[in-house]
Amino acid sequence: MEQPVSCNGRRIKTFLFAALSALCAAIPYAAAAAGPDPLVVQGSQLARIDCSRCHVVSPDQDFPPQLQVSAPSFEAIANRRTSSAESLRHFISTTHWDGQTIPITMPAPALTKQETAALVAYILSLRKPVDH
């Protein structure tokens, strides 16, 4: 005996709903499986090598900064209201210590545009979500 059309329609809707739910649930897992952003990974590595002498670039960095008064942590920089990709790119690219002026400002990092972009991506990845 055949089922009424309305029952089949409900079964189809239930099946489609279940399939769509499973697909939506799989999307975050697919994104996580893709791994971290390669630009952020490159920036993290660069920060640990070039910036950790003066900044806390990560809570798990191997050694503390060598300065008696350390520069701001990358997390603090990331969470400033004024920090943006453009402001960080500009600061990194144009801040140059002349080798004589006291107090010492950030030395001129000899970074390529790609390295600067990676460093900016890493710093911004440390930004905490804003609570609303």
inquiry  = Using the side-chain contact (heavy atoms from CB on, under 4.5 Å) definition, which of the options V56, V57, N79 pairs with S73?
reply    = V56
inquiry  = Tell me which one of V40, L88, L124, L111 satisfies side-chain contact (heavy atoms from CB on, under 4.5 Å) with L119.
reply    = L111
To the closest 0.5 Å, what do you measure between [atom1] ([X]) and [atom2] ([Y])?
X	Y	atom1	atom2	value
E115	I92	CD	CD1	11.0 Å
L39	S125	CG	OG	10.0 Å
F91	I77	CZ	CD1	7.0 Å

Which atom pair, heavy atoms only, marks the closest approach of [X] to [Y]?
X	Y	result
A71	H55	CB-CE1, 3.3 Å
S83	A78	CB-O, 4.1 Å
A47	F74	CB-CE2, 3.6 Å
T116	S93	CG2-OG, 4.1 Å

inquiry  = Can you confirm whether the side chains of Q42 and Q114 place a donor and an acceptor under 3.5 Å from each other?
reply    = yes
ask   = Within a strict 4.5 Å, meaning less than it, do heavy atoms of the L126 and S58 side chains meet?
value = no
ask   = Hey, is R127 close enough to E75 for a salt bridge, meaning N to O under 4.0 Å?
value = no
